[in-house]
Amino acid sequence: MRSIAVMNQKGGVGKTTSSVNLAASLARKGRKVCVIDLDPQGHASFHLGIEAGPEMTTVYDVFSQQTNLDEARQLVAENLSVVPSNIDLAATEVELAGVPGREFILRNAMQHWKDQNRFDYVIMDCPPSLGILTINALSTVGEVFIPLQPHFFALQGLSKLFETTALVKRRLNRDLKVTGVMLCLYESGTRLAADVTEDLKMFLKSSDGDAPWAQARIFRTRIRRNIKLAEAPSFGQSIFDYAPSCPGAQDYEGLADEVAAMEQTLSIPKAA
Ligand code: ADP
Ligand code: MG
């Protein structure tokens with residue numbers, strides 16, 4: 001089972017769009033996929049057609065240890081489910097302050113999925129912060145994907161993000177690796193996009209071998225700016241249901257092919 005945190009403390013860089021559409025594409029390729037929505041804004045849940053009202057069991061109830069992931073999980077398409085979130089999750093940061101072991105709640109909750117190899121992919125859509133929810137994701141997953149919008153400030157804040165992964169690797173999760181950078185909202189043909197990509201390549205190449213990002217790849221597939229990707233969430237549909245032949249669908253399918261191709265080098269067994 002691959003577990004992937006889609007993480008960047010900046011908002012609006014394509015975390016949710018990528019989590020949802022990558023998950024949907026992998027599910028269409030026959031992988032068993034679960035999305036865990038770790039953002040109190042609940043955008044990933046909404047994008048997948050789930051509006052988590054106050055009565056619904058959500059990932060908040062998992063963090064407050066009143067339920068387990070299976071009780072909170074909902075099937076939204078063939079091979080695709082989501083553990084939804086809503087604004088309740090915003091209280092978690094405060095409620096868990098000072099609680100011993102609070103960094104490991106999600107890891108403990110997910111242990112039986114790992115043991116049983118329940119999914120091929122668990123994809124976590126992180127909130128735009130480096131708080132306790134993101135730390136829980138990082139202490140649980142094997143991989144981090146970083147969506148990046150290649151504009152002038154794109155690399156700013158990236159060092160903080162990388163530092164956080166290094167810290168978590170040292171203290172909480174020795175297996176943590178940043179395995180991919182996704183270039184989102186890409187304006188092809190612009191000089192700036194190419195420059196940012198080059199700078200990032202140089203940075204990754206020059207990093208020391210123990211760094212969690214030492215083997216990170218920049219995915220070849222660029223996710224181009226495409227209005228259909230921005231429209232799909234309000235219909236509660238992935239891009240493959242909303243506009244299956246648009247450039248956005250092509251790009252996320254290309255990305256999913258690259259992600260799936262990594263399975264060979266990771267040699268992981270298929271989900272039961
Ligand atoms: P994050 O989760 O990092 O905050 P989102 O995935 O929600 O970012 O994306 C921010 C906004 O940009 C959303 O309105 C989304 O619909 C839109 N968006 C994301 N990717 C694209 C794209 N490739 N083309 C056009 N709009 C996009
Ligand atoms: Mg988001």
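Indexing begins at 1, ligand by ligand and atom by atom, following the structure's order.
In Lys177, the NZ atom is not crowded: 12 or fewer heavy atoms of neighbouring residues, nucleotides or ligands sit closer than 6.0 Å.
Of all protein atoms, those of element N, O or S that lie under 2.8 Å from the Mg ion (ligand 2) number 1.
Salt-bridge check for Asp70 with Arg118: passed, with a basic side-chain N closer than 4.0 Å to an acidic carboxylate O. Salt bridge Glu263/Arg31: present, at least one basic N to carboxylate O contact under 4.0 Å. Salt bridge annotation for Lys270-Asp120: present, with a cationic side-chain nitrogen under 4.0 angstrom from a carboxylate oxygen.
Tyr252 contributes atom OH, which lies 4.5 Å from atom CD1 of Ile223 (distance to the nearest 0.5 angstrom). Going from atom NZ of Lys114 over to atom OG of Ser3 covers 5.0 Å, rounded to the nearest 0.5 Å. Distance check: Gln250 CD to Asn226 CG gives 9.0 Å after rounding to the nearest 0.5 Å.
Asp125 and Thr16 share a side-chain donor-acceptor pair at under 3.5 Å. Under the 3.5 Å distance criterion, with hydrogens and angles disregarded, no donor-acceptor pair is assigned to the side chains of Glu71 and Thr57.
Closer than 4.0 angstrom to ligand 1 lie heavy atoms from Gly11, Gly12, Val13, Gly14, Lys15, Thr16, Thr17, Leu185, Ile223, Arg224, Arg225, Asn226, Leu229, Ala230.
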